[in-house]
Each structure stands twice: as C-alpha cells, then as structure tokens.
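Chain A is the first sequence line, chain B the second, and so forth, proteins listed ahead of strands; every chain is numbered from 1. Computation of the quantities below employed the complete heavy-atom set of this structure, encompassing side-chain atoms and omitting hydrogens, waters and symmetry-equivalent molecules.
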Amino acid sequence: MTVAPDRTPLDRTFFDRPVLEVAPDLLGRTLVRHTPRGPIEVRLTEVEAYAGPVDPGSHAYRGRTERNAVMFGPPGHAYVYFTYGMWHCLNLVCGPEDFASGVLLRAGEVVKGVESARANRPTAKNDHELAKGPARLATALDIDRRLNGTDVCAGGTAPLGVLTGTPAPAARILHGPRTGVAGVGGDGTLHPWRFWIDGDRSVSPYRPHAPRRRGTARR
DNA sequence: AAGTAGATTGCCT
DNA sequence: GGCAATCTACTTT
C-alpha cells in the first residue's frame, strides 16, 4: 500500500452545499488544468463567498441576467466574467441550484507548470505573484469567457480542469471582510466572507471598498 | 520603498 | 453614471 496524494476530482456533491461551507473547504485544494502551454496546477490560498439573492455584493443580487445565468444553474460549474475591459475572474457555482451562489477564486500558488504560467503572465515579478489576485489567477491559467458555464465535475473531459486534493487545516484558515465589496449584513457590518490561508505569500492584499472619486466635476 | 492617479470595457440601474 | 482588477508612471517618504 503506497500512500499516494489524493488526486480524486471533487464531485458534484462537494459543490452542492451552502457556499459558506464550500468556500473554506476549497482552500488548500488544487485546480488541475491543461492549457495550450501545458499542464498548470494552482493550490488555492484565497477565496470569497457570494451568496446570491441575499448578497448585495453578488452579481446575482438583482436577479438573473444573460451574464450571470450560469450562477442560477447547477453547482460545480464555472462562472467566468469579464471585468475592467481586460480581465477575467473565475467563480465556482455552489448549491442549492437556483440560489445563485458561488465562490470567487481570488489567489493561489502555482505548484506545477510555473513556466507556462509565467508565459501567460509575463509581468509577474516573482512566482508567488503569478496568481495573487482573481484576474491574475485567471490570466496565469489562461481562463476566459470561453470557459463560462463549463462543468468542473466532468472529470477528464472538463475543459477548465478539475479540483483535487485535501483542504488546508482549519487552524490555518482565517476569514474577514471581502475585498472591495460594499455589501453589508443585516447588522450593518461587512460580511466576513473572504477566506485565506494564514501567512501564505500568494494571498492578495486586503483592499477596503473605496467609492470612486467623482470623475467629472473636478474644477 | 511605498503610495496613488489614471487608463482600460462591459454590465446594470 | 457607478462599478469592477491590474498595470504603469509618477510622487512622496
């Protein structure tokens, strides 16, 4: 009996749970993906939960639209959106179906295919910045809207790849307010729905929500 | 070394 | 119009 690392892909039942259960359970797991430049694997170190209709920070808060339709579908699928005119962000839809919740993958450590990831993200100053930030993670992994709606529980045929491995120890997981999100809970405080692995160098810096300065009426 | 203004496009009200 | 993540160039410490 050899002790091999568990490479079994996470299945639908993993994602078909409340998003606040799934989000911390993804930390420490590995996204295994095959890109045109070769295999790339990222160990997740930072995620955020978005709780559908009850969450003002969620794309799904104001109901279903063409863009967010995937979030209203079955769990275990990728919701990839385009932002700021040049970046993509990757979310994984959670349960129950139609609740439109998901986990935004915010950062990770590239544990395989560093050279391929570097080719995808030539501006990264060092290896732990390759996937430090949600759009950086998507760029490093060559993920764009072509993968929107694809199934990450489809095993070897999953175009985005699969998630494998074991979770980070609970004692190493911290949580706090989400980055750049204004949404508040019923008591007026920020939802502590950002989860990360304590001390990991690939975790992106916390940035409080900052309303944009008025652009037009500047003297 | 550390902070920030300004640029970029698509989505929704 | 307001919002979203990142990079570059510039400023300040």
Side-chain angles (χ1 to χ4, degrees), chain A residues 19 23 26 31 33 35 40 42 44-73 77-93 98-110 114 116-149 160 176-185 190-191 193-196 200-219:
Chain A
V19 67
L26 280 168
L31 174 56
R33 168 160 170 70
T35 77
I40 304 178
V42 170
L44 300 178
T45 57
E46 180 190 354
V47 298
E48 281 176 358
Y50 286 86
V54 300
D55 179 3
S58 168
H59 282 183
Y61 181 59
R62 290 175 181 83
R64 181 185 185 124
T65 67
E66 192 172 335
R67 176 176 66 156
N68 67 21
V70 171
M71 293 197 76
F72 290 82
H77 289 247
Y79 169 48
V80 181
Y81 66 86
F82 183 63
T83 187
Y84 277 104
M86 50 180 90
W87 311 110
H88 298 271
C89 294
L90 169 63
N91 301 257
L92 301 175
V93 178
D98 287 335
F99 186 68
S101 63
V103 178
L104 171 66
L105 306 189
R106 288 198 53 91
E109 174 197 2
V110 178
V114 169
S116 301
R118 279 209 150 273
N120 292 330
R121 257 189 45 74
T123 60
K125 293 189 194 69
N126 51 58
D127 288 352
H128 64 263
E129 285 192 2
L130 282 169
K132 183 180 188 166
R136 289 168 168 185
L137 185 147
T139 303
L141 287 164
D142 192 34
I143 287 167
D144 63 28
R145 274 184 296 186
R146 290 170 304 183
L147 294 166
N148 187 41
L160 188 140
R178 292 177 295 181
T179 297
V181 169
V184 295
L190 292 170
H191 291 305
W193 290 349
R194 174 178 175 249
F195 302 86
W196 67 94
D200 195 286
R201 285 186 309 174
S202 66
V203 173
S204 66
Y206 175 66
R207 182 175 47 77
H209 173 73
R212 284 294 182 96
R213 262 231 288 164
R214 323 231 22 117
T216 46
R218 169 130 30 94
R219 165 143 15 188

| What is the distance from OH of A:Tyr81 to P of B:dG10, rounded to the nearest Å? | 16 Å

| said: From C-beta outward on A:Ala135, which listed nucleotide comes closest to its side chain: B:dT13, C:dT6, B:dT8? | reply: C:dT6

| Run the side chain to side chain contact (heavy atoms under 4.5 Å, CB included) check on A:Val110 and A:Arg121 step by step: do they pass? | CA-CA 12 Å; A:Val110 178; A:Arg121 257 189 45 74; over 6 Å; no

| Atom NE2 of A:His88 to atom C1' of C:dC7: distance rounded to whole Å? | 16 Å

| Candidate nucleotides C:dT6, C:dC7, B:dC12, ranked by approach to the side chain of A:Pro134 - the nearest | C:dT6

| field | For A:Asp127, all residues meeting salt bridge (Lys or Arg N to Asp or Glu O under 4.0 Å), sequence neighbours excluded | value | A:Arg118

| note | A:Thr65 has its side chain closest, among C:dC7, B:dC12, B:dG10, to B:dC12

| request: Write down the distance between CE (A:Met86) and P (C:dC7), rounded to a whole number of angstrom. | output: 10 Å

| request: Find the bend of the helix from B:dA1-C:dT12 to B:dC12-C:dG1 as the angle between its two terminal axes (five pairs each), to the nearest 10°. | output: 40°

| message | Taking only the C1' atom of each, what is the distance from C:dA5 to B:dT13 in whole angstrom? | response | 22 Å

| Side chain of A:Arg106 - closest among B:dT8, B:dT9, C:dA5 | C:dA5

| query | So which nucleotide from C:dC7, C:dA4, B:dT9 ends up closest to the side chain of A:Thr83? | reply | C:dA4

| note | Closest heavy-atom pair, A:Arg145 versus A:Val80, reported as atoms and distance to 0.1 Å, is CG-O, 3.7 Å

| Given A:Tyr50 and A:Val103, is the side chain to side chain contact (heavy atoms under 4.5 Å, CB included) satisfied, shown in steps? | CA-CA 6 Å; A:Tyr50 286 86; A:Val103 178; over 6 Å; no

| query | C:dT6, C:dT8, B:dC12: which one has an atom nearest the side-chain heavy atoms of A:Trp87? | reply | C:dT6

| task | Select one nucleotide: of B:dG10, C:dA5, B:dC12, the one nearest the side-chain heavy atoms of A:Cys89. | result | C:dA5

| Sugar-phosphate only, base, or nothing, as touched by A:Thr139 at under 4.0 Å among non-hydrogen atoms | nothing

| Which whole-number value in Å describes the distance from A:Asn68 CG to C:dC3 C1'? | 15 Å

| request: Could you tell me whether the side chain of A:His128 reaches within less than 4.5 Å of the side chain of A:Thr45, counting heavy atoms only? | output: no

| How many Å lie between CG on A:Leu104 and C1' on C:dC3, as a whole number? | 15 Å

| query | Hey, is CZ on A:Phe82 packed in by over 12 heavy atoms from elsewhere, all under 6.0 Å? | reply | yes

| said: Ignoring hydrogens, what is the shortest heavy-atom contact between A:Ser202 and A:Ala107? Give both atom names and the distance. | reply: O-CB, 3.2 Å

| request: Send over the distance from A:Arg62 CZ to B:dG10 C1', rounded to a whole Å. | output: 16 Å

| task | Figure out the CZ/P separation between A:Arg178 and C:dA5, and round it to whole Å. | result | 12 Å

| message | I need the CZ-P distance between A:Arg136 and C:dA4, as an integer number of Å. | response | 18 Å

| query | Nearest of B:dC12, C:dT6, B:dC11 to any side-chain atom of A:Arg145? | reply | B:dC11

| Is the shortest side-chain N/O distance from A:Arg121 to OP1 or OP2 of C:dC7 below 4.0 Å? | yes

| message | With a 4.5 Å cut-off on side-chain heavy atoms, are A:Asn91 and A:His59 touching? | response | no

